[in-house]
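Here is the structure we will look at.
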Amino acid sequence: MTESIIGAGNPGASDGSVITRPARIAVQNVTKSYGSRRKPTLVLDTVNLEIAQGEFLCLLGPSGCGKSTLLNIIGGFLTPDSGSVTIDGRKVERPGPDRCMIFQQPALFGWLTALDNVMFGPRAQHKVDASTRDRAMSMLDTVGLAGTANKYPHQLSGGMRQRLSIARALINEPQVLLMDEPFGALDAITRGQMQEFLLNLWAEHHMTVVFVTHDVEEATLLADRVAVMAANPGRIVHLDSVDVPRPRSYDLIDSPEYSRVRMQIRRTIENGGHS
Ligand SMILES: Nc1ncnc2c1ncn2[C@@H]1O[C@H](COP(=O)(O)OP(=O)(O)OP(=O)(O)O)[C@@H](O)[C@H]1O
Ligand SMILES: [Mg+2]
């Protein structure tokens with residue numbers, strides 16, 4: 001490992017924005033097996049990870065190394081066999097509105113308009129008041145969908161649908177955004193636009209982000225730190241910070257620090273998880 005577990009976290013939004021509050025995630029000695037009790041398969045082996053308030057952390061690794069499993073445990077959708085996840089010292093035991101999950105395929109309600117999709121969370125939590133509709137409209141504006149409030153998901157492009165699912169998450173003011181290969185299904189151009197969109201969104205609101213990808217370039221472009229996982233059993237084998245100033249764009253992708261981190265990660269992956 002090339003650095004301490006806790007990265008240089010960023011402070012919360014300085015403009016007093018209500019969108020997010022800072023969070024800190026501690027994954028401690030998490031193990032998880034699938035299969036029968038007689039013949040379990042160890043999928044996560046003693047995973048330890050701390051994520052600072054407002055940090056953007058990428059979980060990177062080959063297919064099947066347990067990235068989604070770990071993300072689901074952080075989200076409270078899965079329970080570890082042993083170990084724990086805490087957010088600001090509180091143990092995660094179930095999903096909660098403080099953590100929002102964004103999947104590769106946007107989870108939207110096809111029979112609801114874009115606006116009603118965004119309003120769904122507050123409605124489900126009985127948190128609708130006079131300002132909710134305006135907040136939902138402003139969320140649509142934030143993700144560049146101001147003109148689509150009355151459109152249905154099937155009338156939107158893939159990138160627009162993914163931005164709508166992000167707006168749907170943000171209205172709940174999550175402390176933590178958990179993203180599982182959110183741009184994996186998009187074409188290269190839309191994917192690049194979405195990466196820049198997410199960078200800008202995060203620069204504005206500084207929510208804590210755990211972003212799963214198997215794309216080294218994507219991880220180094222987006223992350224404060226990259227945690228590289230290896231498979232069989234799934235574990236974190238390398239942790240590196242990407243000390244490139246923000247705001248970032250594709251112009252920086254050939255900077256020496258990017259190249260160093262990319263090379264190191266590639267070497268780790270090629271060496272089967274030994275950095
Ligand atoms: N519900 C399940 N039952 C049994 N095995 C499972 C289950 N979910 C995942 N696995 C196994 O656990 C391992 C890790 O799966 P996981 O989905 O976490 O990997 P991943 O790193 O997200 O992979 P990918 O990049 O392909 O999405 C895999 O070997 C997978 O087959
Ligand atoms: Mg996965």
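Start at 1 and go down the list; that is how both ligands and their atoms are numbered.
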| request: Evaluate the salt bridge (charged side-chain N to carboxylate O under 4.0 Å, His left out) criterion for residues E196 and R248: first the C-alpha distance (whole Å), next the side-chain angles of each, then the deciding distance (0.1 Å), finally the verdict. | output: CA-CA 8 Å; E196 290 209 341; R248 296 180 188 168; over 6 Å; no
| Would you say the side chains of E55 and T208 form a donor-acceptor pair under 3.5 Å? | no
| request: Taking the side chain as every heavy atom from C-beta outward, state whether R235 and M229 have any atom pair closer than 4.5 Å. | output: no
| Residues, nucleotides or ligands: over 12 heavy atoms within 6.0 Å of D45 CG | yes
| note | Ignoring waters, protein N/O/S atoms under 2.8 Å from the Mg ion (ligand 2) are S68 OG
| request: Check the angle between the aromatic planes of W202 and F56 and answer parallel, tilted or perpendicular using the 30° and 60° thresholds. | output: perpendicular
| With ILVMFWY side chains joined below 4.5 Å, transitively, what does F109's cluster contain besides itself? | W111, L112, F120
| Tell me, which residues have any heavy atom less than 4.0 Å from some atom of ligand 1? | Y34, V43, P62, S63, G64, C65, G66, K67, S68, T69, E181
| said: Is there a salt bridge (charged side-chain N to carboxylate O under 4.0 Å, His left out) between R246 and D224? Walk through the geometry before answering. | reply: CA-CA 10 Å; R246 297 179 188 269; D224 290 322; 2.9 Å; yes
| remark: Residues at least two apart in sequence or cross-chain that pass side chain to side chain contact (heavy atoms under 4.5 Å, CB included) with Y152, listed by chain then number, are T113, H154, Q155
| said: Can a side-chain donor-acceptor contact be found between Q193 and T190 if the only test is distance below 3.5 angstrom? | reply: no
